[in-house]
Amino acid sequence: MNPQSQKVMEILEKHYSGSGTALIYRNSFELLIATILSAQTTDTQVNKITASLFAKYPTPADMAALSEEQLAQEIKGCGLYRNKARNILATVKMLLDEYAGEVPQTREELIRLPGVGRKTANVVLANAFGIPAFGVDTHIFRVANRLALTKSKTPRQTEEQLTGLIRKEKWNAAHHWLIWHGRKICKAQKPLCSDCPVSSLCPGKINKA
DNA sequence: AACTCGGGGCA
DNA sequence: TGCCCAGAGTT
């Protein structure tokens, strides 16, 4: 790893550890559902929903028994909830039909599940199964390029580079820190560089002040 | 490549 | 109030 990148990650870890929230889940199925729900929705909001959702419907079979409208009401409060209700219902049925109610452990199989794209698949692979992958969303793509943690034109390249840049034990936490940093400081518009803990190491610094 | 879904968070 | 999302599917 590039020593400069390692320094950046160390500072971010120290600065952001304990801040914000992470997804709450107890197993690969819960992580899969929580991650599908997290599209365009913050973790705090997802956690509000999943607390009762998983208590009432802990398994794919429990969830598959719901109607689309019932599930929609259960997850109301996250963005795009009608789409997600339809997708999650189709996903849990596919888990039952094709995977004996288990969550598959390859990217190809995960992406075939409705509502699961490359970002969600990677989060599940890494955090549920310890398989090298890094979920790259819009924030992480922007932050990694500005900080020159990666030099990539596509999220796919960012994903591959970050997977190698960060130790396996830190994937989950680093994923969280990078997104949090992107939301609060390294924003798409008008980033708050004067409040940024790694501003002195950032070649992409926009606000010189 | 552009468009849609959608309630929440934040200015 | 208005703007922008911790993406994925469809056209």
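To find a chain, count down the sequence lines: A is the first, B the second, and so on, and within it residues start at 1.
Between A:K93 and A:E98 there is no salt bridge, since none of the side-chain N atoms of the basic residue sits less than 4.0 Å from a carboxylate O of the acidic one.
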Sort me out a list of protein N/O and nucleotides 9-11 of chain C N/O pairs below 3.5 Å, or just none if empty.
{"from": "C:dG9", "atom 1": "OP1", "to": "A:G115", "atom 2": "N", "distance (Å)": "2.8"}

For nucleotides 9-11 of chain B, give me every protein contact, N/O to N/O, under 3.5 Å, one pair per line with atom names.
{"from": "B:dG9", "atom 1": "OP1", "to": "A:Q45", "atom 2": "OE1", "distance (Å)": "3.2"}

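Applying the salt bridge (charged side-chain N to carboxylate O under 4.0 Å, His left out) test to residues at least two apart or on different chains, none of the pairs has a partner in residues 172-185 of chain A. Sequence neighbours left out, the pairs with a member in residues 148-161 of chain A that pass salt bridge (charged side-chain N to carboxylate O under 4.0 Å, His left out) are A:R107-A:E159, A:R118-A:E159. The salt bridge (charged side-chain N to carboxylate O under 4.0 Å, His left out) analysis of residues 21-33 of chain A, with sequence neighbours excluded, yields the pairs A:R26-A:E30.
Checked against side chain to side chain donor-acceptor pair (under 3.5 Å), A:N27 has no partners two or more places apart in sequence or in another chain. Looking at residues two or more places apart in sequence or on another chain, you find a salt bridge (charged side-chain N to carboxylate O under 4.0 Å, His left out) between A:K170 and A:E13. Residues satisfying the side-chain contact (heavy atoms from CB on, under 4.5 Å) criterion with A:L53, sequence neighbours excluded, are A:I33, A:L37, A:Y57, A:M63, A:L71, A:E74, A:I75. Listed by chain and residue number, A:P114 satisfy the side-chain contact (heavy atoms from CB on, under 4.5 Å) test with A:A90 (two or more places apart in sequence, or in another chain). Not counting sequence neighbours, the partners of A:T106 by the side-chain contact (heavy atoms from CB on, under 4.5 Å) test are A:E108, A:E109. In terms of the side-chain contact (heavy atoms from CB on, under 4.5 Å) criterion, A:E102 has no residue partners (sequence neighbours excluded).
Residues of residues 26-39 of chain A having a heavy atom closer than 4.0 Å to DNA chain C, listed by number: A:S38, A:A39.
A distance-only check finds a donor-acceptor pair linking the side chain of A:T41 to the backbone of A:G79 [under 3.5 Å].
C:dT10 sits 22 Å from B:dG7 when the C1' atoms are compared, rounded to a whole Å. With P as the reference atom, C:dC4 and B:dC3 are 15 Å apart, rounded to whole Å.
Taking side-chain N and O atoms only, A:Y81 has no distance below 4.0 Å to OP1 or OP2 of B:dG6. Within the structure, every side-chain polar atom (N or O) of A:N83 is placed at least 4.0 Å from both OP1 and OP2 of B:dT4.
As rounded to whole Å, 14 Å separates atom P of C:dC5 from atom CZ of A:F141. Regarding A:W180, its CH2 atom lies at a distance of 14 Å from the C1' atom of C:dC5, rounded to whole Å. What separates CG of A:L110 from C1' of C:dA8 is a distance of 15 Å, to the nearest Å. Following rounding to the nearest Å, A:I75 (CD1) and B:dG6 (C1') show an atom-to-atom distance of 11 Å. Rounded to an integer number of Å, the gap from CG of A:L71 to C1' of B:dG6 is 16 Å. Following rounding to the nearest Å, A:I140 (CD1) and C:dC5 (P) show an atom-to-atom distance of 15 Å.
Counting any heavy atom pair closer than 4.0 Å across all strands shown, A:G77 reaches sugar-phosphate atoms only and no base atom. Heavy atoms of A:D137 sit under 4.0 angstrom from primed sugar atoms or phosphate atoms, though from no base atom.
Here the SG atom belonging to A:C78 is positioned 8.0 Å from the CD atom belonging to A:Q45, to the nearest 0.5 angstrom.
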